[in-house]
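Just so we're clear, the structure is a prediction, and the values are computed from it rather than from any experiment. Labels below follow one simple rule: chain letters A, B, ... track the order of the sequence lines, proteins then strands, and each chain is numbered from 1.
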Amino acid sequence: MVNFVAQIGRVVLAFLEEIGRLSLFTKNAMFAGMLPPFYLRQVFDQLVRIGYNSLPVVGLTAFFTGGVLALQIYIGGSRFNAESVVPSIVSLAITRELGPVLAGLMVAGRVAAAIAAELGTMRVTEQIDALTTLSTNPYRYLVMPRLMAAVITLPILVLIGDIIGVMGSYIVATTSLGFNSGAFIRNMVDFLEVRDVVSGLIKAGVFGFIIALMGCYHGFNSRGGAQGVGRATTNAVVSAAILILAANYALTNILFSE
Amino acid sequence: MAEQPHIELEDVRKSFGPKHVLNGINLAVDRGHSLVVIGGSGTGKSVMLKCILGLLEPDSGSITIGGKSEVALKGAEPDQLMRRFGMLFQGAALFDSIPVWENVAFGLIQGQKMERTEARDIAFAKLGQVGLTAEVGELYPAELSGGMQKRVGLARAIAADPEIIFFDEPTTGLDPIMADVINDLIVSCVKQLGATTVSITHDMASARKIADDIAMIYKGEIIWQGAADTIDESDNDHVDQFIHGRADGPIQMDVLRP
Ligand SMILES: Nc1ncnc2c1ncn2[C@@H]1O[C@H](COP(=O)(O)OP(=O)(O)O)[C@@H](O)[C@H]1O
Ligand SMILES: [Mg+2]
């Protein structure tokens with residue numbers, strides 16, 4: 001019994017320690033990143049790597065999700081003779097929830113892993129120490145550009161994903177569910193509000209921050225050679241995914257509380 | 001009164017969790033002198049260097065550079081302090097995403113905001129100093145052999161004309177001839193700059209070649225220090241065992257004997 005309690009105590013302590021370390025890391029990154037010099041070349045590099053290179057993944061995910069939503073909602077709706085809700089429900093679901101969350105999760109798999117592996121390798125080969133000895137703050141040079149790029153690009157990716165997702169549902173609805181093209185668009189435009197889209201984009205910005213932060217944090221703290229870098233990569237993806245889902249719940253509560 | 005030492009460590013201690021790595025290091029290096037610290041693997045040599053460089057924070061004790069406390073120097077102007085240091089890392093720690101010449105010029109371009117063209121000229125001059133051609137400057141670090149990477153690391157360490165240079169096992173992992181080439185380069189580069197140097201190694205041939213003074217670290221303490229040419233008459237069992245490379249003696253490795 002005592003053993004069991006001690007075990008729980010240890011887990012709780014380790015958890016609190018991790019939160020403390022993460023807070024310190026975030027503080028360091030923000031403080032250092034706010035001061036010049038700004039490494040615009042690095043930011044641009046990361047915009048391409050995080051944003052542009054994620055387009056295919058996000059686009060394909062959105063397209064198929066939009067299509068499958070149209071099918072399912074049509075089937076569900078037909079049980080109440082309410083097939084006409086397909087356009088409005090699909091667009092609501094995509095812009096509010098599935099667009100940002102699925103894009104966030106897909107980009108977490110791609111980008112958090114890549115960042116953690118790159119920075120982790122730089123850590124274990126002492127390249128991060130070398131930066132410091134060359135009068136370059138590694139938080140400013142490595143972390144801030146990735147945070148900025150992710151926060152900027154995720155909303156753009158999600159907006160593009162929203163459009164592609166709706167297109168996917170439009171194609172399915174008009175080709176195999178017998179929808180009239182004009183009616184589909186009119187129904188969707190009538191029901192969709194600006195804040196549905198904007199709330200999704202706000203979520204996307206937060207998810208971008210989480211993705212880059214988890215990648216950088218686990219990469220910076222990796223040690224112990226190749227195995228350590230592998231562990232950092234896994235931890236970065238898993239923690240980013242969980243934090244995205246938790247943050248999504250919290251944000252939905254905040255954004256849609258009347 | 002004699003001139004103040006350029007670098008002075010007093011009772012420096014550092015632990016990682018329960019593991020005591022440095023147990024009160026006392027060390028002084030005079031301006032323009034070359035100190036080599038010898039000692040077995042895992043005795044805390046790299047940790048000691050990183051404490052002097054400010055990459056790790058000692059738990060207690062004081063480190064002074066030119067008579068001024070390092071903590072104060074670092075608090076006031078961290079980048080200025082780093083500009084006085086150069087460091088050659090054990091694995092060279094070259095940045096693998098940029099070409100060799102940019103590695104050498106990194107501290108000048110990113111740290112000191114020098115014009116790229118000017119920094120490039122200096123980089124190629126420094127590469128010439130370590131015996132590398134202009135073609136090598138255009139390659140990427142991964143395309144170089146271990147010995148060439150070390151030489152690039154050396155060129156990067158001296159690129160900003162530092163007043164203090166640290167060498168972490170500069171010859172480890174190289175063949176004896178390349179090791180001697182590196183030793184010669186270290187001696188000539190240091191002489192040209194008039195820099196103070198601290199090197200760590202377990203290669204006695206290298207130590208004899210580059211040292212004015214030698215100190216031996218054992219279990220996180222300096223157990224002997226003296227002029228390089230007196231090491232054979234140290235009257236210290238630990239030193240004798242180390243320089244003659246004997247398994248039997250006061251230093252016991254954790255090896256199971258059959
Ligand atoms: N950042 C760190 N965290 C935990 N332990 C460390 C860290 N850096 C070094 N150590 C431990 O300190 C000891 C001394 O390491 P080091 O100074 O690298 O040895 P060496 O004399 O071979 O250079 C080793 O046992 C190592 O495991
Ligand atoms: Mg070492």
So with a 6.0 Å cut-off around [atom1] of [X], is the heavy-atom count from everything else above 12?
{"X": "A:Phe15", "atom1": "CZ", "result": "no"}
{"X": "A:Tyr52", "atom1": "OH", "result": "no"}
{"X": "B:Met148", "atom1": "CE", "result": "yes"}

Proximity breakdown for B:Leu94 and chain A, heavy-atom pairs closer than 4.5 Å: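 For B:Leu94, backbone heavy atoms alone lie under 4.5 Å from chain A.
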
Part of B:Phe85 within contact of chain A (heavy atom distance under 4.5 Å):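 Only the backbone of B:Phe85 comes within 4.5 Å of chain A.
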
A:Ala130 to B:Ala93 - nearest heavy-atom pair and separation: CB-O, 3.9 Å

Heavy-atom contact with chain B under 4.5 Å, split by part of A:Ile128: neither

Please report all inter-chain donor-acceptor pairs (under 3.5 Å) between chain A and chain B, with distances to 0.1 Å.
unit_1   : atom_1 : unit_2  : atom_2 : d
A:Glu126 : OE2    : B:Lys50 : NZ     : 2.7
A:Gln127 : NE2    : B:Asp96 : OD2    : 3.3
A:Asp129 : OD2    : B:Lys50 : NZ     : 3.4

Ring pair (Phe, Tyr, Trp, His ring centres under 6.0 Å) partners of residues 94-123 of chain A, not counting sequence neighbours, each pair once: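 Not a single pair qualifies under ring pair (Phe, Tyr, Trp, His ring centres under 6.0 Å).
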
